[in-house]
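The next block holds one structure in the form of structure tokens; read it before the comments.
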There are 2 protein chains.
Amino acid sequence: MVFVWYCGGMEQNRPVISRRNRPAKPPLTREGIVAKGLEILAAEGLSGLSLRRVATALDTGPASLYVYLPNLGALHAEMLDAALSAVTAPAVGPWRERLKAVLWRYMMVLIERPGLAPLALGTLASGPNSLRIWEMLLGLLQEGGVDAKSAAWGVDLLILYVTAIAAEQSLRSGGDLGPVEAALAQLSPTVYPLIFAARALLLSGGEERGHWALNVIIDGLVGPPDPGRTA
Amino acid sequence: MVFVWYCGGMEQNRPVISRRNRPAKPPLTREGIVAKGLEILAAEGLSGLSLRRVATALDTGPASLYVYLPNLGALHAEMLDAALSAVTAPAVGPWRERLKAVLWRYMMVLIERPGLAPLALGTLASGPNSLRIWEMLLGLLQEGGVDAKSAAWGVDLLILYVTAIAAEQSLRSGGDLGPVEAALAQLSPTVYPLIFAARALLLSGGEERGHWALNVIIDGLVGPPDPGRTA
DNA sequence: ATTCGTCAAGAACATTGTTCGTTAGCACAT
DNA sequence: ATGTGCTAACGAACAATGTTCTTGACGAAT
């Protein structure tokens, strides 16, 4: 590990400058950049996150980050994988409950940080935490007696599903649902009678809706819980 | 309801009449702009689509488009809704087959045009074609005896689901699968034995995989097809 | 003491979405 | 015919983005 103490100031750009007199800044690290990115994402959402914003938050210029990251997509991928470290495996319980717990945790990690879910939708997650979760889910599905092909395709599907739901949920709780409500309010009851009749239900449901959605996909993948077939 | 982090208004009630007849250039229309946008999207993908590119393709400047569209999000929304006009209702058959046919058609519309699926992920489709499809799906679910709450939540879920699958598919076929393939190739069989064993299956499956995914979600929502409960 | 590799930073480049101000043609009242 | 207002169309500009080029300063090896 190399220790670099100096820091570049934003002021005094004209003459030759001795960087030793500047106040010390912690050296840049990839972990620090990723952490600061997650911080900004939590504070300002995905639209507020940019390379330059992370750079200025670290009191440096945008070019400095390219020493540690090849491009913005890599930062996104690292941020996602870092956040996914919070998705841990439940130790005990029936496999179906453990499967649902893992998916729920995955969903919550994405929902709790505004902007992370839409970021995850556009990012191919291939980091260590992603692989760890894949391994976990594959094990749980195989433990539940799901055949190999359904398990392989199912893990992909489950993660995609949970990510998409999180993206939708995070925007539902995260503010501007106004346009949707307006569109539903102005709806013609004669042209769209079914939507009109269901307009209250369409926007209803908080956490309950997430549980319902998880049960739907698990039922579809492995069958209903109790009276169905048992492995 | 799906994904409105940007919701461009489709409502621009004042009719606009173009004035470019004289200089031998075809007059600008909202439909023409949307059509050209879809054309560029098909040719160059989502990253190749920008307001300025559409403008230059129409032989004008970027500011001219703002007469017909409030912003880029509105163009996206109009493009999506225009493409969704191809999703039609099958006339006959059992309701379950018709439901699946609609969803399949929806998915294919998004998959067949490169870039449309990722665009759909970031766009609220509140146009007439979207509403028409919502109405269609609500009717099919009610015809199948699904209770009101599950139908309302289910339509949202189904559209989200097929959109996400289409987006992933286009990400998989269109762009670089490089990182994933590299990660799978370098995978340690001892650290990730299950992923290693399933690595061939993970990337397998073409059209069959889409049908499988649709059956999974429909089974989860309304139960398995034949010997299950009947309404 | 000199060289070399590496981390950091400033400046610049090409693009992006969007807005401002202006022009030019039409409809209509005078 | 003349003038007035409205508005589509456009050129230019602005702020912000990701990325690259180039330079510079330090630590370590020679």
Side-chain angles (χ1 to χ4, degrees), chain A residues 1-33 36-37 40 44-77 79 119 122-123, chain B residues 5-6 8-9 12-33 37 40 44-77 79 119 122-123:
Chain A
M1 177 70 68
V2 185
F3 282 57
V4 180
W5 294 98
Y6 80 82
C7 43
M10 315 274 289
E11 59 255 25
Q12 257 183 6
N13 27 3
R14 293 294 288 181
V16 179
I17 43 178
S18 162
R19 300 183 169 192
R20 286 200 180 152
N21 301 340
R22 303 294 175 78
K25 286 192 298 185
L28 292 177
T29 60
R30 187 155 15 168
E31 291 76 18
I33 295 170
K36 187 61 83 176
I40 292 176
E44 320 200 19
L46 185 56
S47 67
L49 180 81
S50 71
L51 258 186
R52 307 179 96 97
R53 186 102 179 74
V54 176
T56 57
L58 291 170
D59 200 10
T60 183
S64 304
L65 305 189
Y66 280 81
V67 177
Y68 301 92
L69 299 163
N71 49 41
L72 179 67
L75 174 59
H76 285 171
M79 286 170 56
L119 184 151
T123 305
Chain B
W5 17 314
Y6 188 72
Q12 195 164 13
N13 21 11
R14 176 171 47 83
V16 183
I17 303 160
S18 175
R19 201 177 291 152
R20 288 212 306 187
N21 307 19
R22 252 140 320 283
K25 287 200 280 187
L28 292 177
T29 60
R30 186 139 44 135
E31 292 74 19
I33 295 170
I40 292 177
E44 321 199 19
L46 184 56
S47 65
L49 179 81
S50 70
L51 259 185
R52 306 180 94 99
R53 216 168 173 89
V54 176
T56 57
L58 290 170
D59 199 10
T60 182
S64 304
L65 306 189
Y66 280 82
V67 175
Y68 300 92
L69 299 163
N71 49 39
L72 179 67
L75 173 59
H76 285 171
M79 287 170 57
L119 185 151
T123 305

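Values below: every heavy atom of this structure, side chains too, minus hydrogens, waters and symmetry copies. In the text below, chain A, chain B and the rest are named by the order of the sequence lines, each starting its count at 1.
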Integer-rounded Å distance: [N] [atom2] and [X] [atom1]:
{"X": "B:R53", "N": "C:dG17", "atom1": "CZ", "atom2": "C1'", "answer": "16 Å"}
{"X": "B:L72", "N": "C:dG17", "atom1": "CG", "atom2": "C1'", "answer": "7 Å"}
{"X": "B:L49", "N": "C:dT16", "atom1": "CG", "atom2": "P", "answer": "10 Å"}
{"X": "B:L75", "N": "C:dG17", "atom1": "CG", "atom2": "C1'", "answer": "12 Å"}
{"X": "B:I40", "N": "C:dT15", "atom1": "CD1", "atom2": "C1'", "answer": "15 Å"}
{"X": "B:I33", "N": "C:dG17", "atom1": "CD1", "atom2": "P", "answer": "14 Å"}
{"X": "B:L65", "N": "D:dG11", "atom1": "CG", "atom2": "P", "answer": "12 Å"}
{"X": "A:D59", "N": "C:dG10", "atom1": "CG", "atom2": "C1'", "answer": "14 Å"}

At less than 4.0 Å, is any side-chain N or O atom of A:Y66 found next to OP1 or OP2 of C:dC7? Yes or no.
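Result: no.
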Within the pair B:S50 and C:dT16, is there a side-chain N or O less than 4.0 Å away from OP1 or OP2?
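The answer is yes; a side-chain N or O of B:S50 sits under 4.0 Å from OP1 or OP2.
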Name the one of A:L75, A:N71, A:L58, A:L72 that satisfies side-chain contact (heavy atoms from CB on, under 4.5 Å) with A:L65?
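Answer after filtering A:L75, A:N71, A:L58, A:L72: A:L58.
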For the side chain of [X], starting at C-beta, report the closest nucleotide among [options].
{"X": "B:A63", "options": "D:dA12, C:dG17, C:dA8", "answer": "D:dA12"}
{"X": "B:R52", "options": "D:dA8, C:dG17, C:dT19", "answer": "C:dG17"}
{"X": "B:T60", "options": "C:dT18, D:dC10, D:dT19", "answer": "D:dC10"}

Stepwise, does the side-chain contact (heavy atoms from CB on, under 4.5 Å) test hold for A:L49 with A:M79?
CA-CA 11 Å; A:L49 180 81; A:M79 286 170 56; 3.8 Å; yes
A:L46 side, atom CG; A:I40 side, atom CD1 - distance, nearest 0.5 Å
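A:L46 atom CG to A:I40 atom CD1 measures 12.0 Å (nearest 0.5 Å).
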How long is the gap from OG1 on A:T29 to NZ on A:K36, to the nearest 0.5 Å?
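Atom-to-atom, A:T29:OG1 and A:K36:NZ are 11.0 Å apart.
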Between A:L28 and A:V67, does a side-chain contact (heavy atoms from CB on, under 4.5 Å) hold up when you go through it step by step?
CA-CA 9 Å; A:L28 292 177; A:V67 177; over 6 Å; no
Hey, which sits more toward the 5' end of DNA chain C by its nearest nucleotide, A:P62 or B:L51?
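With B:L51 and A:P62 compared, the 5'-side residue is A:P62.
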